[in-house]
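Below, all heavy atoms of this structure are taken into account, side chains as well, without hydrogens, waters or symmetry copies. Bear in mind the structure is a predicted one, so any value in this text is a computation, not a measurement.
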Number of protein chains: 2
Amino acid sequence: MKIAIVGGTGEQGPGLALRWALAGEEVVIGSRSQERAEKVAAELNGELGQDRIRGLENARAAEAAEVVVLTVPYSAHLSTIESVRSQVQDKIFVDVSVPLDPEYPRRMKMPPAGSATEEAQAALGPSTRVVAAFQNIAAHLLRDPTHAIDCDVLVCGNDLEAKKTVMSLVGKMGLQAYDAGPAESARVIEGLTSILIRLNIRHKVKGAGIRLAGLPR
Amino acid sequence: MKIAIVGGTGEQGPGLALRWALAGEEVVIGSRSQERAEKVAAELNGELGQDRIRGLENARAAEAAEVVVLTVPYSAHLSTIESVRSQVQDKIFVDVSVPLDPEYPRRMKMPPAGSATEEAQAALGPSTRVVAAFQNIAAHLLRDPTHAIDCDVLVCGNDLEAKKTVMSLVGKMGLQAYDAGPAESARVIEGLTSILIRLNIRHKVKGAGIRLAGLPR
């Protein structure tokens with residue numbers, strides 16, 4: 001599957017790119033700057049030992065892909081969505097964003113839509129199928145593809161088939177995905193991230209996450 | 001510690017009562033009807049093989065305790081709080097409520113305050129220290145005290161000492177508690193319950209829960 005990671009040179013993009021490339025997916029890293037995208041892609045290909053990840057400007061990356069993943073800080077959420085709006089129509093759009101309060105990241109500052117995911121769905125319109133995923137996985141855990149991650153991925157969105165596709169892509173990384181319901185569930189999933197950040201700080205760790213218990217794996 | 005479980009004859013009260021009684025705490029089951037409270041207390045004492053749980057009308061149960069736990073369906077949330085309002089002043093009040101949509105319990109219907117916990121804090125006033133806990137533990141798991149529960153308890157509230165007391169009471173049941181931050185975090189913790197209900201239905205299980213990963217236990 002062709003996957004673009006828009007804003008993919010930041011914290012979570014490189015780890016997702018590496019893990020999907022290792023699973024045999026075709027990955028394009030997107031950035032506002034094509035040069036920056038190419039540079040990060042080259043670094044990741046160096047780690048992989050082969051050229052499997054390309055770098056393109058965000059809109060061209062989105063255009064080249066079937067599934068478009070957004071990994072930008074929340075401050076760039078709506079502007080980045082606007083910059084790829086026409087390229088993601090009729091595609092699956094995976095929102096990894098978490099609307100943390102920029103002044104106090106242990107706290108959420110939810111947008112009027114209720115969550116970043118619902119905001120993205122409203123901004124992109126009904127023909128783009130928005131799915132939330134990966135909000136609760138620490139970036140540095142994703143970034144080291146030689147280590148298994150002891151966390152599950154809650155996935156939500158209003159389109160069942162799109163969720164199934166994303167859950168399969170989560171599974172290809174060796175992670176377990178669970179369908180947490182409609183886009184509205186993103187209020188909980190995104191909100192969990194601020195609780196995990198708080199627990200990281202309190203317990204002086206970096207990779208707090210959640211696992212589901214009592215369910216088939 | 002003297003613990004009252006207001007609305008304690010319902011789904012979650014008996015399990016909490018049994019587990020705390022087994023841990024040596026002094027437990028009073030509260031109900032709107034003293035007769036009903038006494039009946040459930042007698043049943044639980046029968047299981048324990050000794051008289052360690054009392055039954056009283058809700059307000060008298062709350063009056064007799066240092067820590068008051070509320071376990072009623074959300075439809076009775078505010079009315080029950082009002083019925084014990086004066087008895088819980090200057091005490092710790094543990095809210096276990098989840099504002100599920102009565103017409104569709106896989107969905108939340110959050111009160112204007114943001115969560116049941118914040119609603120309780122607003123209704124009881126600042127001298128009652130409201131703490132959220134146990135929202136994500138299935139009642140039937142609590143009810144069987146011979147079985148360990150493979151789930152963690154997220155605790156939140158605006159008073160640190162009150163949270164510490166509640167976390168210690170969680171620990172006495174053999175469960176691990178984590179401090180999830182201020183009362184506002186209850187929006188996430190209560191919301192998680194609807195996701196767990198959804199996962200229970202989808203996977204045809206009854207006890208989906210969460211565990212925290214990457215943290216000291």
Side-chain angles (χ1 to χ4, degrees), chain A residues 98 101 104 106-110 114-115 132 135-138 140-141 147-152 154-156 160 163 175-182 184-217, chain B residues 98 101 104 106-110 114-115 132 135-138 140-141 147-152 154-156 160 163 175-182 184-217:
Chain A
V98 177
D101 185 340
Y104 192 65
R106 283 178 241 194
R107 201 172 176 276
M108 304 301 293
K109 198 170 179 178
M110 285 300 191
S115 62
Q135 278 84 355
N136 305 322
I137 311 280
H140 77 279
L141 296 177
H147 277 75
I149 298 176
D150 181 31
C151 301
D152 294 329
L154 290 171
V155 170
C156 74
L160 186 58
K163 280 190 285 192
L175 289 165
Q176 176 79 43
Y178 289 99
D179 183 349
E184 191 183 289
S185 295
R187 299 172 193 191
V188 173
I189 299 170
E190 296 172 14
L192 256 179
T193 304
S194 65
I195 291 177
L196 295 173
I197 290 172
R198 188 178 289 274
L199 289 169
N200 278 339
I201 294 168
R202 176 148 319 167
H203 294 279
K204 298 185 173 61
V205 299
K206 287 167 74 183
I210 63 153
R211 280 184 84 93
L212 278 291
L215 288 168
R217 300 196 75 81
Chain B
V98 177
D101 184 341
Y104 192 65
R106 286 178 238 195
R107 202 171 174 277
M108 303 300 293
K109 196 169 181 179
M110 285 300 191
S115 61
Q135 279 82 357
N136 304 322
I137 310 280
H140 77 278
L141 296 177
H147 276 75
I149 298 177
D150 180 32
C151 300
D152 294 329
L154 290 171
V155 170
C156 74
L160 186 57
K163 280 191 284 191
L175 289 165
Q176 176 79 43
Y178 289 100
D179 182 350
E184 191 184 290
S185 294
R187 299 171 194 192
V188 173
I189 299 170
E190 296 171 16
L192 256 178
T193 304
S194 66
I195 291 177
L196 295 173
I197 290 172
R198 189 178 288 277
L199 289 168
N200 277 340
I201 294 168
R202 176 148 319 166
H203 294 280
K204 299 185 172 58
V205 297
K206 287 168 72 184
I210 63 155
R211 280 184 83 92
L212 277 291
L215 288 168
R217 300 197 74 80

Practice problem: Look at Cys156(B), Ser194(B), Pro216(B) and state which one has the largest set of heavy-atom pairs under 4.5 Å with chain A. | Solution: Pro216(B)
Self-check item: Heavy atoms from other residues, nucleotides or ligands near NE2 of His147(A) exceed 12 (cutoff 6.0 Å)
Solution: no
Quiz item: Looking at Leu212(A), Asp152(A), Leu141(A), Val188(A), which one has more heavy-atom pairs under 4.5 Å with chain B than the rest?
Solution: Val188(A)
Quiz item: With Asp101(B), which residues qualify under side chain to side chain contact (heavy atoms under 4.5 Å, CB included), at least two apart?
Solution: Glu103(B), Tyr104(B), Arg107(B), Lys109(B)
Self-check item: Residue part contacting chain B, namely of Leu196(A), when any heavy atom lies under 4.5 Å
Solution: side chain
Practice problem: Verify, without hydrogens or angle tests, whether Thr193(A) (side chain) and Val98(A) (backbone) share a donor-acceptor contact under 3.5 angstrom. | Solution: no
Self-check item: Proximity breakdown for Glu184(B) and chain A, heavy-atom pairs closer than 4.5 Å
Solution: side chain
Throw together a table of side-chain donor-acceptor distances under 3.5 angstrom for residues 201-211 of chain B, partners on residues two or more places apart or in other chains.
unit_1	atom_1	unit_2	atom_2	d
Arg202(B)	NH1	Asp179(A)	OD2	2.3
Arg211(B)	NE	Asp150(B)	OD1	3.4
Arg211(B)	NH1	Asp150(B)	OD1	2.5

